[in-house]
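Below is one structure, written out as structure tokens; the observations come after it.
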Protein chains: 2
Amino acid sequence: MAVTLADVAARARVSAATVSRVLSGNYPVAESTRARVLRAVEDLEYVVNGPASALAAATSDLVGVLVNDIADPFFGIIAGAVQSEMGAPGGPAGSGASNGSGGSGGSGGEAVRGGEKLAVICNTGGSPERELNYLTLLQRQRAAAVVLTGGAVEHPDHAAAVAAKASRLAASGTRVVLCGRPPIEDAITLTFDNRGGARRLTEHLLTLGHRRIGYVAGPADRTTTRHRLEGHREALTAAGLAEGAEQLTVHGLYDRASGYDATLELLRRDAGLTAIVAANDTIALGVCAALRDQGLRIPEDVSVAGFDDLPFSADAVPALTTVRLPLHDAGVRAGRLALGREPQPPGGVAMVRAELMARASTAPPRH
Amino acid sequence: MAVTLADVAARARVSAATVSRVLSGNYPVAESTRARVLRAVEDLEYVVNGPASALAAATSDLVGVLVNDIADPFFGIIAGAVQSEMGAPGGPAGSGASNGSGGSGGSGGEAVRGGEKLAVICNTGGSPERELNYLTLLQRQRAAAVVLTGGAVEHPDHAAAVAAKASRLAASGTRVVLCGRPPIEDAITLTFDNRGGARRLTEHLLTLGHRRIGYVAGPADRTTTRHRLEGHREALTAAGLAEGAEQLTVHGLYDRASGYDATLELLRRDAGLTAIVAANDTIALGVCAALRDQGLRIPEDVSVAGFDDLPFSADAVPALTTVRLPLHDAGVRAGRLALGREPQPPGGVAMVRAELMARASTAPPRH
DNA sequence: CTGTTAGCGCATTCAA
DNA sequence: TTGAATGCGCTAACAG
């Protein structure tokens, strides 16, 4: 059906083995032979058969990136960064000067072969089942690496299942990298300093003079949610404000609508609060919208803060105070780790710093 | 290294062929045998070797989804919808009742095998090279289908190259589906009615009484950009307002910052305009921010409209007038088409309707 | 209903 | 430096 290695070999008048060697480039081949083979490849528009290659070599060039919500820029940025690392390593050889005499519609996508991996994004939608399912699918494909991004679901059974899958993947040669979730065995981990960042954020508010601070948290069973909330509470406790906290916390999803609704609920519980901290920037946007709809000004009446520092946060109106996570850098690093291009951090775990970005949406309380 | 079909066969005391049949489920097998095999599969934690399977069957279960910008919800929604269609068809058999006596960390991801495809998202970042590159990678993997989403780059060479690749993919059995871009040969296409939607949107503004309407367009070389702009101009021309149009159009990227900058530029060119149409909702957000920063109210001083009707548009402040594209539905349909679960539309091309959503951000001009 | 027999296309020994 | 031979793990005819 399609053109195979053998076809190329025949046209180039060499053996299939030689063609294979030229294409993988990891074996000495005479320059003249090499040129002849490359020409045949071009003429025939040969494209390697991935499955066959993977079967024979017992490795594939697939890299899976699992995300909780593909529609959320938080994940989009990380995933995009991971993918950006997948290109060919340095200046590749091959390809060559021969600009085909070409018929209509010359190929353009030259690289018949290269060091490139196929980084693919898998959207779990936050569903544990789908997460496991994708892991199985990737295991089936004998993926070269798997990158799990974002907070993990804390349900014990699920955590155990993921850990088990990760071990099995690692055992069969698939590199497992975690980006933004707590470490597990057999995986290289890039954790985010969610707790520390959250603590510093609330301390910032405290320093400004706020005492009644509402908190809009994410889904209760996610590590990210828990850590950020814990950081918030730490700061509150240190300031001797621990007791009211529970009352001023509302859980929701990591989206704008939840922030809107939660704000209404918070206002109902305590009309006198002077600040609201959101578990992420998207929620914070909803918080701002709700506040405005209630005729409250930001930050004059109520200060608002988010988390992540997504692109839109800096130029929101007013500019949002938040905690910056270097998502792009983290993604790049996760990609390198997945390819084995970067040495493992000591202990297999590295923490990504979170930086407070104090902007216009927070100010001293009115009173 | 890993456990193979043969291992399972040995343990279940049947032939490899039988195991294969049980797993693929497309062939009659005695119930008792079937149970025995399934048990062996569970005991051994066997997972099919995808590459080997793909090689033997000459088909893979990979489906590629190409997007221009993974951080943009427009693509996130479509891609997520495509993926949501990839699960098993109906109520699958198999799996069975045997709750393994199990050691620690029971699997949970039952499906050892199913009709499921692995839908993966590939982020081109709008780069023609990367688009072609991904297409090659997917061809190499012998993907079952490829879905190209969003506007296409109009550079002639690139268009030809993509068309050529699509033909080659189609020829080798990969189904090619286009979602949100103009049709090409050998592909099933779902086009969006960008032109019609844009026309109706501008007509809406015209009907309200606006005469000086600014337009913030996307990148000049994209089909989506061109079609939406053409629709806008059609409406203007029909109203005899064609001539000022060029002057009141600014191009930028499909992001918030571009909307912000473009608005400042438009205001500079004509401080008296009463409405601004943005090429999409994200841009519209930037437009609104810029307008506010200039002390202009929406819609009292200037009306604003977007395109796409992304989730945040309905609850923006004020609610954004826009054109609704059923992105989720389109993605679902593209997914079905990619799997061959839905019959091709006549001529291989279907148009997705665009619906005007008149909301609070547009009103009659002040005067 | 089940086992046997051949490859699928490529990477890699081992010789030459 | 190159070619010939072997097997990766699985599916798909064929028999039985």
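Lettering of chains follows the sequences in order, A, B, ..., and the numbering in each one begins at 1.
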Taking any heavy-atom pair under 4.0 Å as a contact, classify Val19(A): base, sugar-phosphate, or nothing.
nothing

Looking only at heavy atoms, the pair that brings Pro345(A) and Arg333(A) closest together is CB-NH2, 4.4 Å

To the nearest Å, how far apart are Asn49(B) CG and dG9(C) P?
17 Å

Measure the distance from CG on Leu44(A) to P on dG9(C) and round it to the nearest whole Å.
14 Å

Thr33(B) side chain near dT2(C) phosphate (N/O to OP1/OP2, under 4.0 Å):
yes

Measure from CZ on Arg13(A) to C1' on dT2(D) and round the result to the nearest Å.
16 Å

Using a cut-off of 4.0 Å on non-hydrogen atoms, how would the nucleic acid contact of Leu5(B) be classed: base, sugar-phosphate, or nothing?
base

Which residue lies more 5' along DNA chain D, comparing Arg21(B) with Gly50(B) via nearest heavy atoms:
Gly50(B)

Please give, in whole Å, the distance from dG9(C) P to Arg140(B) CZ?
17 Å

Report yes or no: does Arg13(B) contribute a side-chain atom to a donor-acceptor pair with the main-chain N or O of Ala10(B) at less than 3.5 Å?
no

Let me spell it out: for each of Ala17(A) and Ala57(B), pick the nucleotide of DNA chain C with the closest heavy atom. Which residue's pick is nearer the 5' end?
Ala57(B)

Could you state the CG-C1' distance from Asp61(B) to dT11(D), rounded to the nearest angstrom?
14 Å

Base, sugar-phosphate alone, or nothing: which one does Ala30(B) contact when heavy atoms must sit under 4.0 Å apart?
sugar-phosphate

If I take atom CD in residue Glu31(B) and atom C1' in nucleotide dC1(C), what distance separates them, rounded to the nearest angstrom?
13 Å

So does Ala163(A) get a backbone contact from the side chain of Ser167(A), meaning a donor-acceptor N/O pair under 3.5 Å?
yes

Nearest whole angstrom, please: distance from the P of dC10(C) to the CG of Leu23(A).
9 Å

What nucleotide among dT2(C), dC10(C), dG3(D) has an atom nearest to a side-chain atom of Val14(A)?
dG3(D)

Between OH of Tyr27(B) and P of dC1(C) the distance, given in whole Å, is 10 Å

Selection from dT2(C), dT11(D), dG9(D) that lies nearest to any side-chain heavy atom of Thr18(B)
dT2(C)

Out of dG9(C), dT4(C), dG9(D), whichever nucleotide has its closest atom nearest the side chain of Ser15(B)
dT4(C)

For the backbone of Ala119(A) and the side chain of Gln83(A), can you confirm whether one donor and one acceptor N or O come within less than 3.5 Å of each other?
yes

Provide the closest heavy-atom pair for Val176(B) versus Leu178(B) in the form atom of the first, atom of the second, distance.
CG1-CD1, 4.0 Å

Closest nucleotide among dT2(C), dG9(D), dT11(D) to the Ser53(B) side chain:
dT11(D)

